[in-house]
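Counting starts at 1 for both ligands and their atoms, in listed order.
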Amino acid sequence: MTHPADTHCPYCALQCAMTLTPTIGTTDAAASASPDAHVHSAPVTVEGRDFPTNRGGLCKKGWTSAELLRSPSRLGAPLVRGADGALHEASWDEALDLIATSLRDIRSEHGADAVGVFGGGGLTNEKSYLLGKFARLALGTSRIDYNGRYCMSSAAAAGNRAFGVDRGLPFPLEDLDGADTILLLGTNVAETMPPFIGHLAGAQAAGGLVVVDPRRTATARLTDDGKGLHLQPAPGTDLPLLLGLIHVVIAERLVDLDYVASRTVGFDRVRRSVATWWPERVQSVTGVAALTLKRLARRLAAGGGTYILTGRGVEQHVDGTDTATAAINLALLLGLPGRLGSGYGTLTGQGNGQGGREHGQKCDQLPGYRKIVDPEARAHVARVWGVDPAVIPGPGVPAIELLKLLGVPDGVRALMVHGSNLVVSSPNVRDVRAGLERLDLLVVCDFFLSETAALADVVLPITQWAEEEGTMTSLEGRVIRRRRALTPPAGVRDELWILHELAERLGSTAAFDTDPAVVFEELRLASEGGLADYSGIDYAMLDRGDAAYWPFPRGSRGTPRLFADRFAHPDGLARLVPVTVRESARPAPTPGTDEITLVTGRLLEHYQSGAQTRRVPELLESQPEALASMHPATAERLGIGDGDEVEVVNHRGLVRCRARLTPDIRPDAVFLPFHYGDEQAANLLTSDEVDPISSMPEFKTNVVSVRRIADAASVRLPEETGVLA
Ligand code: SF4
């Protein structure tokens, strides 16, 4: 295959369009003839392609994405752990036979729920769909969930509660171009998805770009022209900040009363719930000046096109659903959702974080965003699958609970992992690692020997994005085509094929097709009539470049803009839901001690657990290690200098890294990126406490101490040093 292929970036949910061109003269045949053909694809060049989200632009992750196709560390054959404890290459038949035999044994001894499946928000829609079907029919287990639980669950729960549906952006991204005011809550798009900032230019020029972040990030610096606004609240105080904004909007009669009366229910309860959040009280809690709060509320209500957008910074908390709900309440009171030129949305992070949560990877869902406990939904999907509805297991448990069941009595004895690097990306990774080590069988599908794959009993090497066909759903809810540009190396396989082979070996009579086009046709049927209805979408229209926003019922033209006339609740009205601050929601630093709040997040150069981007030389060279960013005043108080080796420590674990001093962070916080593994894994320190509604863990505010390593030896806890030895 030597012709160019139009596809999209493998990383984030902006899904920037790109064209991949195999280098002239290096055909697949030539590549296959090379001595290392079992590992390497042919070289390929990457060019940005014009598309509404990226307008031809790519970030450095996108520009360098093709390097992974030929990475020397790419896996080229299945690996099976031998009696000597090491991983050894094996044939596909050996590896698959071993997995199937082990799974059968575990199921017959411990029951079907002793097998768990952990999926990922980077899998194509076809893989996500088939993985959910595989878990429920071929394995018969209810225990499937995925890493989207770490990034989108709270926003999804809040959206479902308020609007009756969860689509990250209920409008095309280009709608932002005409905005006068954009409020960005806890999102650093300038680093996580740089081409996005082109859509902020209008609001920036109008002096209406407002960034809420405890760090002065690259996105916050877009307001440095003095026209916009950067609010730097204390970590973990986003909810009081939003309650204060709602208080001002109500107190200053800025509410769009016609909209609230005709399109929402619940105003009185929300009004009462914010009565005590007057601006001066909010100032004392958040550190944001009362006057600034009032100015912002007035600006948001000024008309001319206002958007409120949330990201993980305000969502990855034990009260993330309530915080996202408060942002939605604010938007509803201002009459934004569904109004052309205004709106509310949340920015999905992972490449297919949107589609990945629609078609059955979540423990409580069936395809089409159907509820697994709904008898009608079960009957519909059972018809498509050709089974009795009773065969489909009931709801399983969300990701963190699933991980806590690893290797415990009546828990999970075998786990299949697709598209996740659990021992880097999960909270409290020390316990996750211990759970994985207790398993009878751990199977990991990956391109590389990630930190999680290195613990597996069987590692299955899989195709990368440029070697496969399928669909993704962008942060706008737009379904797009992933196109194959290259023939994969001989030793790797597509996960659809892997699921097919395993289902056959497990004796499943259900269909597990290996052709993505056929799987998508089945997905269309399974999703038909659901909230995320894809039944009117087909590969041909996607190949033509038609814009396909779900819901897209058969015979319709899709839905670029949701909520224009009604919300998705049966009565068509949005729910204003009162939320309150739970003082005990998360631990706070003890006054009078050296404790400080740890904020975790991302860097421009790396994506998620870094399993891919840490293997791209340019990206690794640019950001080779985790640095603990702290304010110079804090560093001085702790006796830490720029570049000093430090330990960031709490009762869960310890991270060793160097300090980076910057005035861009509040003195009461320290920042660690979460892209690194082993002793630099920020998630050694994060809590696996979860939001009670969404089951999303608390990634953003955890209590730690920071010490120079030279000063720290005498106070290190023995079990923490043992873990890291
Ligand atoms: Fe890829 Fe996201 Fe960068 Fe675009 S912004 S090139 S989708 S990583």
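Applying the side-chain hydrogen bond (donor to acceptor under 3.5 Å, both in side chains) criterion to Thr53, with sequence neighbours excluded, gives no partner residue. Arg614 is linked by a side-chain hydrogen bond (donor to acceptor under 3.5 Å, both in side chains) to Glu451, counting only residues two or more places apart in sequence or in another chain. When the side-chain hydrogen bond (donor to acceptor under 3.5 Å, both in side chains) test is applied to Thr7, no partner is found at least two apart in sequence or on another chain.
Figure legend: Arg602 and Tyr607 shown without cation-pi pairing, the cationic atom not lying both under 6.0 angstrom from the six-membered ring centre and within 45 degrees of its axis. For the pair Arg481 and Tyr539, the cation-pi test (distance below 6.0 Å, angle within 45°) is passed.
Note on atom 3 (Fe) of ligand 1: protein N/O/S atoms under 2.8 Å are Cys59 SG.
In this structure, Lys60 pairs ionically with Glu605, as a charged nitrogen and a carboxylate oxygen lie closer than 4.0 Å.
With a heavy-atom cut-off of 4.0 Å, Met18 does not touch ligand 1 at all.
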